[in-house]
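Heads up: the structure comes next, in structure tokens.
Hydrogens, waters and symmetry mates are skipped; everything else that's a heavy atom, side chains included, is used.
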Amino acid sequence: MASASSTSARSLFAESKSRLAAKIEINLCNIASVSRHILKGSRSSDILMGSAKSFAAMDGSIDAIESNLHKLQGIESNLRNQHQAIENSLHYVEEVKEQVRAMQR
């Protein structure tokens, strides 16, 4: 009877030992997973910081582009006015041509 209880105790000990080993393995896997997530989060932060620096570096370019757009709008306005003046002048040229023809008759 003593050997039956010692065999039962040994099997119980072996079973608890294997369950403990399984739980340790699960915990190690979880720790590895958490570590990967922390590293991934760390890299995300680095990437985000790099993106913010790049965006800040573009601020001067954006200001220059905005200034150039305002200049282009002024040039476009001047060209529109010149185009209108040329069209008006062409109208006067036609009138002068008609007057010359009338004088030549």
Where at least one partner belongs to residues 94-104, residue pairs that pass side-chain hydrogen bond (donor to acceptor under 3.5 Å, both in side chains), sequence neighbours excluded: His91-Glu95
Separation between CD of Gln84 and OG of Ser89, rounded to the nearest 0.5 Å: 10.0 Å
Side-chain donor or acceptor of Ser33 paired with backbone N/O of Cys29 under 3.5 Å: no
Taking atom CD of Glu87 and atom CG of Leu90, what is their separation to the nearest 0.5 Å? 7.5 Å
Counting only pairs under 3.5 Å, give me each side-chain donor-acceptor contact of residues 62-71, with atom names and distances, residues two or more places apart or in other chains.
from  : atom 1 : to    : atom 2 : distance (Å)
Asn68 : ND2    : Ala64 : O      : 3.4

Common cluster, Leu28/Leu20, ILVMFWY with side-chain heavy-atom separation under 4.5 Å: yes
Residue pair Leu79, Gln82: steps toward the side-chain contact (heavy atoms from CB on, under 4.5 Å) verdict: CA-CA 5 Å; Leu79 286 173; Gln82 290 175 3; 3.8 Å; yes
Counting N and O atoms only, with roles assigned by atom type, does the side chain of Ser77 sit under 3.5 Å from a partner on the main chain of Gln73, one being a donor and the other an acceptor? no
